[in-house]
Amino acid sequence: MYIDKAADYIGQVQTIEGWVYNSRSSGKVAFVLVRDGSGIMQCVVAKSDVDESTFEAVRHLTQESSISITGAIHAEERAPGGHEMHVQKIEVHQAAVDYPITPKEHGVDFLMSNRHLWLRSKRQWAIMRIRATIVKSIRDYLDDNGFLLMDAPILSANACEGSSTLFSTDYFGVPAYLSQSGQLYNEATAMAFGRVYCFGPAFRAEKSKTRRHLTEFWMVEPEMAYCNWSQNCDVQEAFVTYIVQQVLEKRKEELAIIERDPSPLEKIATPFPRISYDEAVKLLQKAGSPIQWGDDFGGDEETLISNQFERPVFVHSYPKSFKAFYMKTNPANPQTVLCADLLAPEGYGEIIGGGQREDDYKLLLERVHAEGLAEADYQWYLDLRKYGSVPHSGFGLGVERTVAWICKLPHVRETAPFPRLLEKIYP
Ligand SMILES: NC(=O)C[C@H]([NH3+])C(=O)NS(=O)(=O)OC[C@H]1O[C@@H](n2cnc3c(N)ncnc32)[C@H](O)[C@@H]1O
Ligand SMILES: [Mg+2]
C-alpha cells in the first residue's frame with residue numbers, strides 16, 4: 001500500500017515499504033514514523049502484538065533504515081495524514097547507521113553537499129511536490145490551449161542570449177553550445193505549427209552568485225505566430241494565474257509544511273499591471289534609486305518595482321541598447337524594443353522574459369551585424385523573415401524562479417532536485 005492511499009484501506013492489513021523517518025519507544029509500545037515517498041504513516045507497535053525479537057528490533061530502529069512494515073490500517077485524526085497502522089510484523093532491509101541529516105538544524109553548505117540525502121526531508125519533499133505541480137500545470141495549460149510541444153535542441157551552433165554566458169563544447173571539431181534558450185528554434189516551428197512550446201533545461205555560464213541565478217535551469221518557452229507583444233502578455237497572465245491556482249488547489253498540505261502563507265497567492269488574478277521601462281525608472285527614482293534611463297535593472301531594482309504591486313507586473317519597452325538582437329524595434333520609439341519582462345510580487349522579480357520578435361529581414365540582419373554575430377550561423381534564422389514572415393512573439397518562464405516565488409523561498413538552490421550554481425556541481 002502507498003501511504004497517500006491509506007484512506008482506501010481502513011480496516012485492512014497492509015504492508016508499507018519505506019524508510020524510518022523517526023521512532024520512539026517506551027516499555028510497552030513503540031511509535032515508528034515511516035515514509036514511503038508518498039507520505040508519512042504513524043505505525044504503533046504494541047509489545048503485546050509482536051514477538052520479543054520484533055519489539056527489540058523496533059526499539060533499535062535508526063533513522064532512514066529501510067523497512068517493510070505490516071499491520072492493520074486505522075483512521076486516527078491525531079496521526080499525520082489521519083491514519084495509523086497497528087503493527088503485526090516488521091522486516092528491516094538495511095539498517096542505516098549514523099544517517100548524517102538528523103532532525104536538528106544543519107548549515108546550508110552541509111545540506112547542499114548532502115543534497116542527495118537532504119531531498120528526503122519533509123521540507124524538500126514538499127517543495128519538490130509543488131515543483132511537480134507547477135510543471136504539470138505548465139504542460140496542461142499549454143496542451144489544452146492549442147500549443148504543440150516542439151522539443152528544441154540542447155546542442156546548438158547559435159547564441160540566443162548573448163555570447164558571454166555560453167557553455168561551449170567541441171562538436172566533432174566545430175564549436176557548439178549548450179542551449180541558452182529554445183526560442184530561435186521555436187520561431188521556426190511556430191511558422192510551421194502556429195503555437196508551439198519547448199520545455200527543457202537551459203544553460204547560462206553566468207558568473208552571478210545571487211539568490212536568483214542558476215547555471216542550469218528549466219524553462220518553458222511558448223511561441224506564437226500572428227501575435228504582438230501585448231497579446232503575448234495576455235497569454236502570460238492567464239498562464240501564470242492558472243499555475244498559481246493549481247498549486248493552491250492541489251498542494252495545500254505542502255504549502256502548510258513549508259509554512260507558506262497562501263493569501264498573497266490568492267490575490268493573483270488577471271489582468272496584471274503593465275508599466276513601461278520609462279515609468280519603472282521614474283518609480284525607482286521616486287523610491288530613491290540612483291537609476292538612470294538606459295541602465296538595466298538588477299535584482300534590487302526588480303525587487304523595488306515588484307514590491308509596489310500585489311500581482312505580477314509587466315515592465316515593457318526596455319531600451320534596445322541592452323536587449324537581445326532578435327527583439328523588434330518599437331516603431332513609436334526606436335530607442336526601445338517591444339519586449340516585456342514579468343516581475344513576480346513579494347520581491348521575487350523577473351520570472352518571465354519575452355516579447356515580439358523582429359520580423360523584418362533587413363532590420364534583423366542589421367541587428368545581427370551590430371551584435372557581431374556570424375551571419376552564416378544565423379542564415380536559417382534570417383530565412384524565417386524571407387518566406388512568409390509574420391508578427392510573432394513568445395516568452396520564457398523560468399521554473400526555478402517560479403517555484404521560489406510560489407513557495408516563498410529565499411534562494412533558488414531549494415527549487416531543483418540537484419541545482420547547478422556557480423562553483424556548485426556536486427552532487
Ligand atoms: N523564449 C523566450 O522569449 C525566452 C528568451 N529567449 C530568454 O531566454 N529570456 S531570458 O533570458 O529573460 O530568460 C527567461 C527566463 O528564464 C529564467 N532565467 C534566465 N536566466 C536564469 C538563470 N541564470 N537562473 C535561473 N533562471 C533564469 C528567468 O525566469 C527569465 O525570466
Ligand atoms: Mg530576462
Side-chain angles (χ1 to χ4, degrees), residues 131 134 138 142 147 150 152 156 158-167 177-190 195-224 227 229 232-233 235-236 239-240 243 277 296-299 301-302 306 312-316 318-319 322-328 337-344 348-358 381 392-406 409 411-416 419-422 424:
R131 175 188 169 111
I134 289 169
I138 285 170
L142 295 172
F147 288 81
M150 289 297 286
S156 172
N158 295 105
C160 177
E161 293 302 325
S163 52
S164 64
T165 64
L166 289 168
F167 280 112
Y177 311 109
L178 294 182
S179 171
Q180 297 168 307
S181 159
Q183 175 196 319
L184 307 188
Y185 299 98
N186 285 346
E187 293 183 58
T189 55
R195 286 172 293 171
V196 298
Y197 73 98
C198 68
F199 193 3
F203 304 87
R204 307 282 171 101
E206 308 222 28
K207 294 191 172 44
S208 311
K209 205 164 183 177
T210 78
R211 62 189 176 92
R212 294 177 173 153
H213 284 87
L214 296 156
T215 53
E216 173 184 323
F217 62 95
W218 277 67
M219 178 159 62
V220 59
E221 301 186 78
E223 192 74 25
M224 297 157 278
C227 177
W229 75 272
N232 192 33
C233 292
V235 172
Q236 291 172 52
F239 179 52
V240 168
I243 293 166
Y277 170 85
D296 197 355
F297 294 157
E301 290 73 29
E302 290 178 6
S306 69
V313 53
F314 288 106
V315 181
H316 62 83
Y318 282 78
F322 57 76
K323 281 298 187 182
F325 77 98
Y326 54 73
M327 294 188 179
K328 185 170 183 61
V337 284
L338 297 175
C339 67
D341 283 354
L342 185 64
L343 310 186
Y348 275 88
E350 182 188 341
I351 58 169
I352 290 180
Q356 192 169 339
R357 316 329 183 163
E358 185 50 75
Y381 185 61
H392 61 288
S393 304
F395 62 93
L397 171 133
V399 169
E400 287 77 17
R401 290 193 185 174
T402 304
V403 173
W405 161 47
I406 290 179
L409 301 177
H411 196 289
V412 284
R413 68 167 71 91
E414 286 187 270
T415 63
R420 293 296 175 252
L421 300 150
L422 186 61
K424 176 82 192 160

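Values below: every heavy atom of this structure, side chains too, minus hydrogens, waters and symmetry copies. For ligands, and for the atoms within them, numbers begin at 1 and follow the listed sequence.
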side-chain contact (heavy atoms from CB on, under 4.5 Å) between K424 and R413, intermediate numbers included: CA-CA 10 Å; K424 176 82 192 160; R413 68 167 71 91; over 6 Å; no
Could you give the distance from CD (Q180) to OG (S163), rounded to the nearest 0.5 Å? 8.0 Å
The residue among I351, V240, I134, T415 that forms side chain to side chain contact (heavy atoms under 4.5 Å, CB included) with I406 is I134
I'd like to know whether ligand 1 has E400 as a neighbour, heavy-atom separation below 4.0 Å. no
Any non-hydrogen side-chain atom of E350 less than 4.5 Å from a side-chain atom of F297? no
Checking a contact table here: which protein heavy atom is nearest atom 29 (O) of ligand 1, and how many Å away? I351 O, 2.9 Å
When you compare the side chain of I138 with that of T402, does any pair of heavy atoms fall below 4.5 Å? no
Do T189 and E223 have side-chain atoms, one donor and one acceptor, less than 3.5 Å apart? no
Just verifying a value: how many Å separate F239 CZ and I352 CD1, rounded to the nearest 0.5 Å? 7.0 Å
Taking only heavy atoms of S181 into account, list the atoms of ligand 1 that are under 4.0 Å away from them. 5 (C), 6 (N), 8 (O)
Can you tell me which residue and heavy atom of the protein come closest to atom 12 (O) of ligand 1, and the distance to 0.1 Å? E350 OE2, 2.9 Å
Quick check on the Mg ion (ligand 2): does E350 put an N/O/S atom closer than 2.8 Å to it? yes
Backbone, side chain, both or neither: what part of R357 comes under 4.0 angstrom of ligand 1, heavy atoms only? side chain
Tell me whether L214 has any N or O atom under 3.5 angstrom from an N or O of ligand 1. yes
Taking the side chain as C-beta and beyond, is there a heavy-atom pair between Y197 and M224 under 4.5 Å? no
Is the contact between Y326 and ligand 1 made by the side chain, the backbone, both, or neither, using heavy atoms and a 4.0 Å cut-off? side chain
Between F395 and ligand 1, which residue portion shows a heavy-atom distance shorter than 4.0 Å: side chain, backbone, both, or neither? backbone
Can you name the closest pair of heavy atoms from P222 and F147 and give their distance? CB-CE2, 3.8 Å
Just going by heavy-atom distances, which of G396, A404, G398, S179 is nearest to atom 14 (C) of ligand 1? G396
Number the atoms of ligand 1 from 1 as they appear, then name those within less than 4.0 Å of a heavy atom of E206, with their elements. 20 (N), 23 (N)
Closest candidate by heavy atom, reference atom 1 (N) of ligand 1, pool E221, K323, M219: E221
Give the atoms of ligand 1, by number and element, whose distance to some non-hydrogen atom of I352 is under 4.0 Å. 31 (O)
Does this structure show an ion pair linking R131 with E400, if we count only N-O contacts that are shorter than 4.0 Å? yes
Which option wins on minimum heavy-atom distance to atom 25 (C) of ligand 1: E161, R212, R204? R212
Say whether E223 and ligand 1 are in contact under the criterion: heavy-atom distance to a ligand atom below 4.0 Å. no
R401 and ligand 1 - part of the residue with a heavy-atom distance under 4.0 Å: side chain
With no hydrogens and no angle check, do the side chains of S156 and Y185 hold a donor and an acceptor under 3.5 Å apart? yes
Atom 21 (C) of ligand 1 [closest protein heavy-atom partner, distance rounded to 0.1 Å]: F217 CE2, 3.5 Å
Is G353 in polar range of ligand 1, meaning some N or O pair under 3.5 Å apart? yes
